[in-house]
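Here is the structure we will look at, set down as structure tokens.
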Amino acid sequence: MAAHKPVEWVQAVITRFDEQLPIKVGHQNTHTKVSTEHNKECLINISKYKFSLVISGLTTILKNVNNMVSGQSKDCLRLDETMLVKQLLPEICHFIHTYREGHQHAAELRASASAVLFSLSCNNFNAVFSRISTRLQELTVCSEDNVDVHDIELMQYINVDCSKLKRLLQETVLKFRALKKPAQLAVINSLEKAFWNWVENYPDEFTMLYQRPQADMAEAAEKLFDLVDSFAESAKRKAAVWPLQIILLILCPEITHTISKDTVEDSKANKKLFLDSLRKALAGQGGSKQLMESAAIACVKLCKASTYINWEDHSTIFLLVQSIVMDLKALLFNPAKPFWRGTGSQNADVELMMDCFVSCFRINPHNNQHFKVCLAASSPSTFHFVLVNSLHRIITNSDLDWWPKIDAVYCYSGELRFMFSDTLNRVIQGVGTHAPLRMTPSLTFKGKMTTSLKFKEKATELDTRSYKCLLLALVKLIHADPKLMLHNPVKQAPEMQSSTAELITGLVQLVPLTNTTQLSQEAMEALLVLHQPLTIELWNPDAPIETFWDIRCFLFLFNYVQKYKNNKKN
């Protein structure tokens with residue numbers, strides 16, 4: 001039947017998919033979630049053969065959803081594939097750019113719409129590029145100061161390889177000078193994100209750029225650098241453009257080499273002056289906190305980009321990194337004066353510190369001064385959060401051959417176990433349940449227990465939330481690489497068994513917590529990983545089977561005691 005009536009069959013699948021959307025049925029149970037996922041897989045498979053039918057149907061669904069949420073009404077047209085993509089773009093853009101105050105799915109919708117746009121741009125780049133280019137052209141002749149820059153911002157969500165990034169740079173060079181300031185700033189911000197989309201999705205292309213420099217890429221990047229440099233006539237504007245300027249220099253390997261010399265030709269003098277200004281601002285000699293913060297952002301991006309270049313290529317960029325990395329770490333990882341750009345910047349500051357941490361590890365995994373600072377019990381909890389999440393990123397993202405592996409920091413396993421135990425205590429006390437049951441205290445960290453901050457009084461709600469976030473990150477770290485937490489190279493067998501039991505007991509305590517669903521779920525996943533046969537052998541390599549049964553018996557008794565306490569309390 002499906003072979004003879006493809007239109008009806010495809011429409012039936014789309015209709016069923018539409019009827020099961022959360023916006024139609026509300027809360028989904030397990031059965032409806034499975035059914036929805038099955039329909040999604042069907043539509044993906046069908047789209048390989050009936051792309052136009054599927055896109056047309058999904059576009060209609062999106063328009064109907066937009067009408068339900070925002071009251072907008074649009075017509076649906078059935079045209080060829082290119083026109084269908086162009087028709088779909090406004091609906092996707094609506095979810096990316098429209099923030100619905102109080103809408104519970106706003107962030108999820110934006111993330112999903114961004115992913116759809118990225119996928120669409122893989123095979124339909126010209127349609128998306130045309131929308132961006134058209135908007136840029138419109139804004140070159142616009143006299144208004146308050147302009148809509150949403151279509152320009154599409155640059156940061158699309159799939160770009162080397163040739164597509166060059167097109168974006170060349171298009172921007174042609175139109176940048178004629179744009180109003182808001183549009184110029186939107187271009188500056190969006191191009192920077194487009195660069196990272198390229199590097200992270202096509203790292204081999206970026207690596208090749210430093211083996212075989214491309215004259216047309218360097219030409220476009222240098223022209224835009226000069227245009228942006230002219231735009232940056234004040235300290236505020238300099239702070240806004242420095243992160244993009246460092247990226248534009250990175251795209252010009254030969255120019256970077258040229259300006260490393262003592263004397264340079266006049267056309268390159270502004271690039272050398274830019275690097276000198278960057279170094280001074282980073283060291284606190286720029287006379288402006290805003291410039292110092294922008295210099296930190298730019299230098300982190302320089303360090304991050306350098307990790308995608310093979311050290312065997314002997315690029316000048318590595319000398320540039322070495323000239324700034326000490327000042328950069330001193331600024332970002334100073335527990336006496338934590339890096340903070342003001343209210344609302346906390347998430348961005350944490351992300352910046354994580355990028356710096358991961359980049360420094362990849363540049364030199366044995367230079368661990370900042371590592372020890374982040375581990376210290378006396379450091380701010382933000383430092384601990386940055387450390388744990390950075391380690392998780394190192395474990396889960398190791399695409400390039402020359403990036404060092406996580407085993408370079410296995411020597412800090414004991415400190416990480418202590419951090420887990422200490423944070424667990426804080427969270428358990430904060431949610432008002434029983435404190436974790438410990439086995440024999442770890443001799444190595446007994447002294448540290450006295451230096452750790454204790455719950456002398458009830459934690460504030462903000463404190464508890466902060467420690468829950470840190471604990472969740474630690475549990476994810478155990479899930480990602482259990483070896484990191486189980487490593488015990490210098491301990492005796494009884495101590496190994498004790499520390500392993502304490503780790504597992506802590507995770508077991510998190511499983512029944514009903515008010516922290518994600519933490520409970522991650523704890524279960526971590527326990528499953530810890531109980532894999534090869535991992536069980538690491539519980540105590542000297543006596544793995546005996547340790548396994550001892551801990552299992554202990555957990556049985558532990559759960560019995562906990563249930564008894566709960567029944568007695570009730």
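In this text the structure is predicted, and so the values were computed from the model without any measurement.
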Looking at A296 and L332, what are the two nearest heavy atoms and their distance?
CB-CD2, 4.5 Å
With a cut-off of 6.0 Å (strictly less than), are more than 12 heavy atoms of other residues, nucleotides or ligands near CD of E200?
yes
Please check if the distance between the ring centroids of Y308 and W403 is under 6.0 Å.
yes
Could you tell me if the side chain of L331 sits less than 4.5 Å from the side chain of D327, heavy atoms only?
no
Find out whether L328 and L282 are in side-chain contact, i.e. whether some heavy atom of one side chain is under 4.5 Å from a heavy atom of the other.
yes
Shortest non-hydrogen contact from A281 toward L291
CB-O, 3.8 Å
Distance-minimising heavy-atom pair for I406 and I395
CG1-CG1, 3.6 Å
Please indicate whether K272 has more than 12 foreign heavy atoms, meaning atoms of other residues, nucleotides or ligands, lying under 6.0 Å from its NZ.
yes
Report the C-alpha separation of W311 and I363 in whole Å, then their side-chain angles, then the decisive distance to 0.1 Å, and conclude whether the side-chain contact (heavy atoms from CB on, under 4.5 Å) test is met.
CA-CA 9 Å; W311 284 79; I363 292 167; 3.5 Å; yes
Residue pair P338 / T382, side-chain heavy-atom distance below 4.5 Å
no
What's the verdict on side-chain contact (heavy atoms from CB on, under 4.5 Å) for I297 and R341, showing C-alpha distance, side-chain angles and the deciding distance?
CA-CA 11 Å; I297 296 168; R341 284 179 283 169; 3.0 Å; yes
Are C360 and N367 side-chain neighbours, meaning at least one heavy-atom pair lies under 4.5 Å?
no
Test your reading of the model: is there a side-chain donor-acceptor pair from N389 to the backbone of F385, 3.5 Å cut-off?
yes
Could you tell me if the side chain of L165 sits less than 4.5 Å from the side chain of N197, heavy atoms only?
no
Only pairs at least two apart or in different chains count here, so list each salt bridge (charged side-chain N to carboxylate O under 4.0 Å, His left out) that has a residue in residues 236-260.
E233-R237
Value rounded to 0.5 Å, distance of NZ in K180 from CG in L185:
13.5 Å
Has the side chain of D161 got a donor or acceptor atom that lies under 3.5 Å from a matching backbone atom of K164?
yes
Please identify each residue that fulfils ring-ring contact (aromatic ring centres under 6.0 Å, His included) with F361, with sequence neighbours left out.
none
Minimal non-hydrogen separation, S359 against T307, with atom names:
O-CG2, 3.8 Å
Is there side-chain contact between I324 and C303, with heavy atoms separated by less than 4.5 Å?
yes
Tell me if a side-chain donor or acceptor on S294 pairs with a main-chain N or O of Q290 at a distance below 3.5 Å.
no
How are the rings of F333 and H370 set to each other: parallel, tilted or perpendicular (split at 30° and 60°)?
tilted
Can you tell me how far apart OH (Y410) and NZ (K483) are? Round to the nearest 0.5 Å.
5.5 Å
Kindly indicate whether the side chain of T258, heavy atoms from C-beta on, has any atom under 4.5 Å from the side chain of T316.
no
Quick one: ring-ring contact (aromatic ring centres under 6.0 Å, His included) partners of H384, sequence neighbours excluded?
none
Output for pair (L168 CG, S163 OG), nearest 0.5 Å, gives 10.0 Å
Any pair with a residue in residues 185-194 that passes salt bridge (charged side-chain N to carboxylate O under 4.0 Å, His left out), sequence neighbours left out, goes on the list, sorted by first then second residue, please.
E192-K301
Show me the donor-acceptor pairs within less than 3.5 Å that the side chains of residues 220-231 make with the rest of the protein, sequence neighbours left out.
unit_1, atom_1, unit_2, atom_2, d
E222, OE2, K268, NZ, 3.4
E222, OE2, K271, NZ, 3.1
K223, NZ, E219, OE2, 3.3
D226, OD1, N270, ND2, 2.9
D226, OD1, K271, NZ, 2.9
D229, OD1, Q245, NE2, 3.1
D229, OD2, N270, ND2, 3.4
S230, OG, D226, O, 3.1

Smallest heavy-atom separation, L400 atom then P203 atom, equals CD2-CB, 4.0 Å
With sequence neighbours excluded, tell me which residues meet side-chain hydrogen bond (donor to acceptor under 3.5 Å, both in side chains) with N126.
R167
Look up atom CD1 in I394 and atom CZ in R362, then write down how far apart they are to the nearest 0.5 Å.
7.0 Å
Rounded to the nearest 0.5 Å, how far does SG of C162 lie from CD of E205?
5.5 Å
Review item, side-chain donor-acceptor pairs of residues 135-142, under 3.5 Å, at least two apart:
unit_1, atom_1, unit_2, atom_2, d
R135, NE, D148, O, 3.0
R135, NH1, E138, OE1, 2.8
R135, NH2, D148, O, 3.0
T140, OG1, Q137, O, 2.5

Show your working on side-chain contact (heavy atoms from CB on, under 4.5 Å) between L169 and L251 and close with a plain yes or no.
CA-CA 11 Å; L169 290 173; L251 291 172; 4.0 Å; yes
How long is the gap from CD on Q369 to SG on C374, to the nearest 0.5 Å?
11.0 Å
Other residues, nucleotides, ligands: >12 heavy atoms within 6.0 Å of K175 NZ:
yes
Kindly write out the residues that satisfy ring-ring contact (aromatic ring centres under 6.0 Å, His included) with F383, not counting sequence neighbours, or none if the list is empty.
none
Who are the side-chain hydrogen bond (donor to acceptor under 3.5 Å, both in side chains) partners of D216, not counting sequence neighbours?
K166
Less than 4.5 Å apart, any side-chain heavy atom of I259 and any of F274?
no
Restricting to ring-ring contact (aromatic ring centres under 6.0 Å, His included), what partner residues turn up for F339, sequence neighbours left out?
none
Name every donor-acceptor pair, under 3.5 Å, that has one atom in a side chain of residues 151-160 and the other anywhere in the protein, sequence neighbours excluded.
unit_1, atom_1, unit_2, atom_2, d
D151, OD1, R131, NE, 3.0
D151, OD1, R131, NH2, 3.4
Q156, NE2, E153, O, 3.3
Q156, NE2, S190, OG, 3.2
N159, OD1, Y202, OH, 2.9
N159, ND2, Y202, OH, 3.3

Tell me, please, which residues at least two apart from S267 pass side-chain hydrogen bond (donor to acceptor under 3.5 Å, both in side chains).
E265
Walk me through whether M208 and Q211 qualify under side-chain contact (heavy atoms from CB on, under 4.5 Å).
CA-CA 5 Å; M208 187 60 66; Q211 297 169 351; 3.3 Å; yes
G342 versus S345, closest heavy-atom pair with distance
O-OG, 2.6 Å
